[in-house]
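Reviewing the structure listed below.
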Amino acid sequence: MKLSYRSAAAATLLLAAGPGRAWTTEPPPDYGRVVLANFAPKAGMAPAQFDHWRHRARYTCRVCHVDLGFAMSPGATRVSATTNRAGFHCGSCHNGTARFAGKPVFGACGTRATPDDDSRCQRCHSRGDAAARRKDFEEFAAGLPRIGTARDVDWEKAEAKGAIHPADGVEGVSIPRRPIQMDKEVAIASRGWTNSVIFSHKKHAVWNGCEVCHPDIYPHTQGAARSSMLEISSGASCGACHGKVAFSLGECERCHLNPVR
Amino acid sequence: MSRLQGVLLAVVFVLSAGSSGLFAWPRPALAQARADSFRKEFDEVCAKTADAMTLSTGELRTLVERSDRLVPLLQGLSEPERKVYAKRLLGCRNVYAFVLESRHEH
């Protein structure tokens, strides 16, 4: 209970002081939503809307952010209809011929020629129907374990229970490799009044491999990987994922859990 | 028309036909071979990132060097491919360098 009081106090203080978005929890259907608007508006189309939850049950983070070349910042990849048509970025899977779980994956938007193409394009290039997205999410998440006040999907538990099976590669794109063996835990001492962090390589590497984090997000080796919560809430260090796509920074006890749970 | 003029005319015709797409230059086949060669070496070099922690220092150094040798070959790839592979190559090269550096520090 003591930890809960501390966590609540920390969250309240930092909500007031730091960038708030990473600490609040958006509704699960909207959490991790990325809007890609580099080129589509110039072509008279709505920006493409990408929902992480629609994809992360199917593929590990590493597949998209390493093998398919998606940057970690929205807009930095500069994905376009040209790159998709050439079979890269979204077009690596959304190519009209790939199949997932026996079902065809719809093709990415290219040159529109027929009304059917228009409806296909609108699956991503849409201003978004919030009610439809909520319905899609509830159907998708039915039966998956949920966590937190926002009732987000507990992805870690979902995989452990076998409810999701994220693939770690795309045929013809990814290099076949054996699962990563890295179970080293790193204790990061707290500077203040919170419990220390136990960072689990095992939990993170299974979805991210090495390349997602090292050396871009964590250029330091053990002993130097300390970041303040203010830095993290600004998107550095853990904040590259947590507070954007992975669970929010308001869930203090999921990281500040010393002793090892 | 002299013989020289005839030859020049033939050269101009061939050049213009090639650039207008009347026939394919052998370059795409060469470019394809270069791209295939690049991807083969890339696949070999970058297949070991998951094992980086268990590789010897010598193996890691070799992989960094092989990665660096691949960089100029990126120029032989078409634009979307070059962009994606440049990011992938840098990512795997930097993981090997990171593990080497961490060993050096400890």
Side-chain angles (χ1 to χ4, degrees), chain A residues 60 62-73 76-92 108 168-170 172-184 186 201 205-225, chain B residues 28 31-32 34-57 59-61 63-64 66-68 70-71 73-74 76-106:
Chain A
T60 62
R62 203 195 62 77
V63 169
C64 297
H65 290 291
V66 176
D67 293 349
L68 305 191
F70 281 98
M72 298 290 279
S73 308
T77 310
R78 300 187 69 77
V79 54
S80 68
T82 308
T83 61
N84 288 337
R85 273 199 300 271
F88 297 98
H89 298 142
C90 312
S92 304
D168 196 31
V170 172
V173 176
S174 305
I175 306 168
R177 41 188 245 159
R178 66 181 183 85
I180 192 166
Q181 306 292 321
M182 180 58 179
D183 53 6
K184 188 176 179 183
V186 180
H201 268 103
V206 69
W207 287 338
N208 296 305
C210 307
E211 303 99 311
V212 170
C213 302
H214 296 299
D216 287 354
I217 299 171
Y218 291 101
H220 309 295
T221 54
Q222 187 180 355
Chain B
Q32 185 60 45
R34 283 198 199 113
D36 290 346
S37 165
F38 171 87
R39 278 194 292 265
K40 186 170 180 289
E41 174 68 354
F42 170 85
D43 283 359
E44 281 180 22
V45 170
C46 292
K48 293 171 183 158
T49 52
D51 304 313
M53 294 292 287
T54 60
L55 297 175
S56 70
T57 300
E59 287 172 315
L60 287 166
R61 284 205 181 107
L63 288 167
V64 170
R66 285 173 72 183
S67 304
D68 290 341
L70 275 171
V71 173
L73 303 183
L74 283 165
L77 303 180
S78 61
E79 182 41 51
E81 195 172 25
R82 178 164 54 224
K83 187 177 174 181
V84 171
Y85 276 97
K87 184 177 185 302
R88 292 180 70 180
L89 180 60
L90 187 67
C92 82
R93 186 253 184 228
N94 286 350
V95 162
Y96 298 135
F98 173 80
V99 177
L100 266 177
E101 190 184 332
S102 66
R103 280 187 197 167
H104 182 69
E105 284 179 11
H106 292 118

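Fair warning: this is a prediction, and the values are worked out from it, not measured in the lab. Note on naming: letters A, B, ... go to the chains in the order of the sequence lines (proteins, then strands), and numbering restarts at 1 for each one.
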| message | At a 4.5 Å cut-off on heavy atoms, which part of A:Ser80 comes close to chain B: side chain, backbone, both, or neither? | response | neither
| So which of A:Gln181, A:Arg178, A:Met182 has the biggest tally of heavy-atom pairs under 4.5 Å with chain B? | A:Arg178
| note | Counting heavy-atom pairs under 4.5 Å with chain B, the top scorer among A:Gly69, A:Ala86, A:Pro215 is A:Pro215
| Aromatic plane relationship, A:His89 with A:Phe70 - under 30° parallel, 30 to 60° tilted, over 60° perpendicular | tilted
| task | Let me see the working for A:Leu68 and A:Phe88 under side chain to side chain contact (heavy atoms under 4.5 Å, CB included), right down to the final yes or no. | result | CA-CA 7 Å; A:Leu68 305 191; A:Phe88 297 98; over 6 Å; no
| note | If one checks every heavy atom of B:Lys83 against chain A at 4.5 Å, the contacting part turns out to be side chain
| Highest number of heavy-atom pairs under 4.5 Å with chain A: which of B:Val99, B:Leu90, B:Asn94? | B:Asn94
| message | If I take atom OH from residue B:Tyr96 and atom CD from residue B:Glu59, how far apart are they, to the nearest 0.5 angstrom? | response | 10.5 Å
| field | Verdict with reasoning, A:Arg78 to A:Thr83, per side chain to side chain donor-acceptor pair (under 3.5 Å) | value | CA-CA 9 Å; A:Arg78 300 187 69 77; A:Thr83 61; over 6 Å; no
| query | Is the closest side-chain heavy-atom distance between A:Glu211 and A:His65 below 4.5 Å? | reply | no
